[in-house]
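Report on one structure; see the data block that follows.
Residue numbering restarts at 1 for every chain, and letters A, B, ... go by the order of the sequence lines. Worth saying up front: this structure is predicted, and the values here are computed from it rather than measured.
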Number of protein chains: 2
Amino acid sequence: MTEIEKTLENKGVRPTAMRILIYKYLAEKEVAIALTDMENAFSKADRTTLYRTLKTFEEKRIVHQIDDGTNISKYALCEPGCNCEMEQDLHLHFHCDNCDETVCLTEHKIPHINLPDGYVAENANLVIKGICDKCSGQ
Amino acid sequence: MTEIEKTLENKGVRPTAMRILIYKYLAEKEVAIALTDMENAFSKADRTTLYRTLKTFEEKRIVHQIDDGTNISKYALCEPGCNCEMEQDLHLHFHCDNCDETVCLTEHKIPHINLPDGYVAENANLVIKGICDKCSGQ
DNA sequence: CAATAATTGCACTTCCGTTGCATGAAACAA
DNA sequence: TTGTTTCATGCAACGGAAGTGCAATTATTG
Ligand SMILES: [Mn+2]
Ligand SMILES: [Mn+2]
Ligand SMILES: [Zn+2]
Ligand SMILES: [Zn+2]
């Protein structure tokens with residue numbers, strides 16, 4: 001039983017062949033992945049299967065969904081031991097307007113914001129847009 | 001010539017009857033407005049006209065588009081003298097998970113974030129999700 | 001007035017996300 | 001092992017929202 005299989009089982013997901021492939025794919029990419037990206041990468045698999053796999057992974061906290069402002073949902077593996085719901089785990093995301101890629105900046109947490117009276121914060125999403133390190137030529 | 005007509009002309013938009021109505025509608029709401037909201041409010045007008053009016057308003061800096069994570073574009077009037085592009089004008093937005101309304105918190109600017117080397121920030125979007133003042137009963 | 005330009009309305013398309021239902025594979029209980 | 005149940009996958013379709021081409025209407029200009 002491989003590492004990935006163990007990880008999936010620990011998270012309560014049956015490690016099917018398809019799911020292991022999808023997990024591997026997400027692991028080797030260091031950018032956030034859209035459903036369409038996966039369709040292209042796994043032309044043999046059905047779009048729905050990929051979709052539902054991502055949803056399952058999300059439910060089981062294997063991936064987190066990223067809204068980068070493009071109106072296309074992206075996904076990335078959670079950090080080991082991350083708890084996506086907790087405020088202290090909310091890192092920011094960077095979307096490059098040049099290469100259109102989105103990355104997790106897991107070291108950069110979203111700063112705490114003081115809200116007006118009556119507002120109760122439960123979640124936060126911070127996306128910075130600009131030019132990424134690869135595209136800025138550094 | 002009314003205040004609204006003057007405002008529109010100053011921004012380089014011809015003040016048609018339709019546009020004045022739409023401007024008024026946006027002005028009297030203190031929440032961000034989706035295209036569908038406008039369709040309901042102006043059942044007589046065509047969806048495309050409302051759509052293109054919002055796009056025109058956006059281009060001319062009369063409204064700014066808001067991405068609140070619902071994947072439905074919303075719009076709100078810009079503050080007088082605001083320059084939506086400038087970083088210092090980037091305020092945060094609050095989306096209530098209870099009433100599903102999104103508001104501009106124009107007083108709350110997005111804090112400056114230090115990015116890793118090579119990353120160039122050009123824009124930022126910060127959305128806080130939770131319970132708004134009306135829904136939290138304060 | 002006629003000529004021109006801008007606005008509006010209608011029809012249609014595309015894209016992404018989502019769901020219902022049938023089939024196939026794996027786990028389980030006898 | 002066999003039958004039963006549960007879960008995963010595939011196929012087909014739907015829905016909402018954004019966006020476009022073009023014709024009709026309205027406003028502006030000379
Ligand atoms: Mn992330
Ligand atoms: Mn705003
Ligand atoms: Zn880039
Ligand atoms: Zn509310």
How many Å lie between [atom1] on [X] and [atom2] on [N], as a whole number?
X	N	atom1	atom2	value
B:I72	D:dA18	CD1	C1'	12 Å
A:L50	D:dA8	CG	C1'	13 Å
B:Y75	D:dA17	OH	P	13 Å
A:F57	D:dC7	CZ	P	17 Å
A:Y51	D:dA12	OH	C1'	16 Å
B:M18	C:dG9	CE	P	7 Å
B:R14	C:dA5	CZ	P	12 Å
A:R47	D:dA13	CZ	P	16 Å

*Using only side-chain N and O atoms of A:S73, determine if any of them is under 4.0 Å from OP1 or OP2 of C:dG17.*
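Yes, because at least one side-chain N or O of A:S73 sits under 4.0 Å from OP1 or OP2 of C:dG17.
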
*Does B:K55 place a side-chain N or O at less than 4.0 Å from the phosphate oxygens OP1/OP2 of D:dG19?*
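Yes, such a contact exists.
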
*Would you please indicate if the ring centroids of B:F57 and B:Y75 are separated by under 6.0 Å?*
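Distance test on ring centres: not under 6.0 Å, no.
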
*Between B:H93 and B:H108, does the ring centre distance come in under 6.0 Å?*
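Not under 6.0 Å, so no.
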
Return a table of donor-acceptor pairs under 3.5 angstrom between the side chains of residues 41-51 of chain B and protein atoms on other chains or two or more places apart.
unit_1, atom_1, unit_2, atom_2, d
B:D46, OD2, B:T48, N, 2.8
B:D46, OD2, B:T48, OG1, 2.8
B:R47, NH1, B:E39, OE1, 2.4

_Would you say NZ of A:K11 has more than 12 non-hydrogen atoms from neighbouring residues, nucleotides or ligands within 6.0 angstrom?_
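Yes, the 6.0 Å shell around NZ holds more than 12 heavy atoms from other groups.
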
*Tell me, yes or no, whether the heavy-atom count around A:E107 atom CD, taken from other residues, nucleotides or ligands under 6.0 Å, exceeds 12.*
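No.
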
*asked:* Counting distance alone, no hydrogens or angles: does the base of D:dG19 have a donor or acceptor under 3.5 Å from a partner atom on the side chain of B:R52?
replied: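 No pair found.
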
*Mark yes or no for a side-chain to base donor-acceptor pair under 3.5 Å between A:T16 and D:dC7, with no hydrogen or angle criteria applied.*
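Answer no: no donor N or O sits under 3.5 Å from an acceptor.
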
*Mind listing the residues from residues 24-46 of chain B sitting with a heavy atom below 4.0 Å of DNA chain C? Number order is fine.*
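Residues of residues 24-46 of chain B that come under 4.0 Å of DNA chain C are, in numerical order, B:D46.
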
*Where each residue is assigned the nucleotide of DNA chain D containing its nearest heavy atom, which of B:P15 and B:Q65 is assigned the position nearer the 5′ end?*
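Of the two residues, B:Q65 wins.
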
*Please determine if A:E58 and A:K55 form a salt bridge, counting it only when a charged side-chain N lies under 4.0 Å from a carboxylate O.*
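Looking at A:K55 together with A:E58, the answer is yes, because their closest N to O distance falls below 4.0 Å.
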
_Validation row: B:D67, A:D67 side chains within 4.5 angstrom (heavy atoms)_ =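 B:D67 reaches A:D67 side chain to side chain.
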
*Name the residue closer to the 5' end of DNA chain C, choosing between B:N71 and B:T49 according to the nucleotide with the nearest heavy atom.*
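Looking at the nearest nucleotide for each, B:T49 comes out on the 5' side.
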
